[in-house]
Engineer: 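Right, I'll just put the structure down here and ask away after.
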Amino acid sequence: MSNRHPTLTTPFAERAKQVTHPLNNYLFRLMELKSSNLCLSADVQTARELLYLADKVGPSIVVFKTHYDLISGWDYNPHTGTGAKLAVLARKHGFLIFEDRKFVDIGKTVQMQYTAGTARIIEWAHITNANIDAGKDMVRALAEAAGKWKERIHYNVNTSITVGTPVSDQFDEADERSDELRRLEPRENSNGFQRDGREADGRKGSIVSITTVTQSFEPVDSPRMAKNTNEGDDVVFPGIEEAPSDRGLLLLAQMSSKGCLMTKDYTQACVEAAREHRSFVMGFVSQESLNTQPEDDFIHMTPGCKLPPAGEEENGHVEGDGLGQQYNTPSKLINICGVDIVIVGRGITEVGDPQSEAERYREKAWKAYLSRVG
Ligand code: BMP
């Protein structure tokens, strides 16, 4: 870590003005607004527990981290399922969703894993991450996939078609819509009267139906994710706008686990890949700040964080979990290692009252940040 890098002493509000990535800009402002640099790692077993935790702990955090594949009962419906429900809670409490997917494969495969398949991660997770052991090209592949996805939602046309006896159909997929419109267009005249085509043959035309096509375009900057919302689902956290619809990637540059095989060269390759894709890569999952060049302003999120039990020396040693996980306190990670957001899982989820424990972590982590920026 470079002790002198300006990002270590610049307040988040100032960094918000300097960053290029729209999600970093939003996140830094959200952090200041909520006085929080805490991410909850919601490693629970059921979708019900996941949503309960998001609702309870939401007010204390700025990022909610998931491993969707360890949740039983994950509902994959893109509009009403678990991802969409999480998105509603994210808007209500003001946090970003980070799917800790750790993509690692050839570019084409990660593109499909990110945008398609059962989970359609890109639809509900603002942030995901990648291990670049497979080479830097997969970062470009993910960036391209995110770019195409964003272009597609730019043209997210909500179409209502009424033909003859009024029937209303809503098509969610842009492709389905354009197919439907293509099918209808040639048969419709300028008055919107659909004829049976017999006029062209010189035979008497007759009006058999009236077609009305209404379209509304969802603007590209609309972050709306769930379409079938219930009453109250559109509540937005006060004091800040909704998160932008941009997507962001964190590179897994260093790990918290004992004996981790990621070398300095690997970490440096992550930094270089991040610099090459500043409009998509927000920063790193790492154990220290990796900003070294003057223009670096990546965000650093750090797992392996735990506090000693309440009442004990707050900067004391915290034992690992016996399965390779190693822990540091928020104060050490933020003040000494220079990271921005601490990621806490079992430290919060495995106590009797996760809500007040999250508050305890939020306070400690924020205090460490305030002391770092002076
Ligand atoms: P816990 O605080 O309960 O140890 O959980 C840590 C979380 O962070 C887990 O979800 C784990 O997958 C993730 N994680 C980690 O512990 N170390 C890393 O280096 C990278 C991670 O994503």
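In this text the structure is predicted, and so the values were computed from the model without any measurement. Atom set for the values below is all heavy atoms of this structure, side chains included, hydrogens, waters and symmetry mates excluded. Along the sequence shown, the residues carry numbers beginning at 1. Ligands are counted one by one from 1 in listed order, and the atoms in each one are counted from 1 as well.
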Engineer: Please indicate whether Q45 has more than 12 foreign heavy atoms, meaning atoms of other residues, nucleotides or ligands, lying under 6.0 Å from its CD.
Structural biologist: no
Engineer: For D43, counting its heavy atoms only, list the atoms of ligand 1 lying under 4.0 Å from any of them.
Structural biologist: 5 (O), 7 (C), 9 (C), 10 (O)
Engineer: Which pairs count as ring pair (Phe, Tyr, Trp, His ring centres under 6.0 Å) when at least one residue sits in residues 310-348, sequence neighbours excluded?
Structural biologist: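 Checked against ring pair (Phe, Tyr, Trp, His ring centres under 6.0 Å) - neighbours excluded - no pair reaches residues 310-348.
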Engineer: Nearest protein heavy-atom contact for atom 7 (C) of ligand 1: which residue, which atom, what distance?
Structural biologist: S41 OG, 3.4 Å
Engineer: Checking side-chain hydrogen bond (donor to acceptor under 3.5 Å, both in side chains) for the pair N129/D100: CA distance, chi angles, key distance, verdict?
Structural biologist: CA-CA 6 Å; N129 59 353; D100 188 2; 2.7 Å; yes
Engineer: List the closest protein heavy-atom neighbour of atom 16 (O) of ligand 1: residue, atom name, distance to the nearest 0.1 Å.
Structural biologist: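 Result for atom 16 (O) of ligand 1: Q325 NE2, 2.7 Å.
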Engineer: Is any N or O atom of S257, backbone or side chain, closer than 3.5 Å to an N or O atom of ligand 1?
Structural biologist: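 No, there is no polar N/O contact under 3.5 Å.
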Engineer: A145 and Y114: which non-hydrogen atoms are nearest, and at how many Å?
Structural biologist: CB-CD2, 4.4 Å
Engineer: Would you check if the distance from the ring center of W124 to the ring center of W149 is below 6.0 Å?
Structural biologist: no
Engineer: Below 4.0 Å from ligand 1: does a non-hydrogen atom of E350 turn up there or not?
Structural biologist: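 Distance cut 4.0 Å: E350 fails for ligand 1.
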Engineer: Taking the non-hydrogen atoms of Q287, is any one of them nearer than 4.0 angstrom to ligand 1?
Structural biologist: no
Engineer: For ligand 1, which atoms have a heavy atom of Y327 less than 4.0 angstrom away?
Structural biologist: 1 (P), 2 (O), 3 (O), 4 (O)
Engineer: Give the atoms of ligand 1, by number and element, whose distance to some non-hydrogen atom of R346 is under 4.0 Å.
Structural biologist: 1 (P), 2 (O), 3 (O), 4 (O)
Engineer: Heavy-atom distances under 4.0 Å decide this one: backbone, side chain, both or neither, for S256 against ligand 1?
Structural biologist: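 It is both backbone and side chain that touch ligand 1.
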Engineer: Is the closest side-chain donor-acceptor distance between S256 and Q326 under 3.5 Å?
Structural biologist: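 Judged by distance alone, the side chains do not pair up.
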Engineer: Could you list the residues that satisfy side chain to side chain donor-acceptor pair (under 3.5 Å) with K56, not counting sequence neighbours?
Structural biologist: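 With neighbours one apart ignored, the set is empty.
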Engineer: Do the ring planes of F12 and W366 sit parallel (below 30°), tilted (30 to 60°) or perpendicular (above 60°)?
Structural biologist: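 Geometry flag for W366 against F12: tilted rings.
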Engineer: Who's closest to atom 12 (O) of ligand 1 heavy-atom-wise, of K306, Q326, M301, H67?
Structural biologist: H67
Engineer: Can you confirm if the aromatic rings of F237 and H93 lie within a centre distance of less than 6.0 Å?
Structural biologist: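 Aromatic pair excluded; centres sit 6.0 Å or further apart.
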Engineer: Can you pull out the closest protein heavy atom to atom 2 (O) of ligand 1? Residue, atom name and distance to 0.1 Å, please.
Structural biologist: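 Looking only at protein heavy atoms, the one closest to atom 2 (O) of ligand 1 is G345 N, 2.9 Å.
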Engineer: Identify, by atom number and element, the atoms of ligand 1 in contact range of D100, meaning under 4.0 Å from any of its heavy atoms.
Structural biologist: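 Those qualifying, in numeric order: 12 (O), 13 (C), 21 (C), 22 (O).
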Engineer: Suppose we measure from atom 21 (C) of ligand 1 to each protein heavy atom; which comes out shortest, and what is that distance?
Structural biologist: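 In this structure, atom 21 (C) of ligand 1 has K102 NZ, 3.5 Å as its nearest protein heavy atom.
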Engineer: Give the atom numbers and elements of ligand 1 that come within less than 4.0 Å of a heavy atom of P303.
Structural biologist: 8 (O), 14 (N), 15 (C), 16 (O), 17 (N), 18 (C), 19 (O), 20 (C), 21 (C)
Engineer: Could you tell me, atom by atom, which parts of ligand 1 come under 4.0 Å of a heavy atom of M255?
Structural biologist: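 Ligand 1 atoms under the 4.0 Å threshold to M255: 18 (C), 19 (O), 20 (C).
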Engineer: So, is the end of the K306 side chain (NZ or CZ) under 6.0 Å from the ring centre of Y361 and within 45° of the ring's axis?
Structural biologist: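 No, cation not above the ring by the 6.0 Å, 45° rule.
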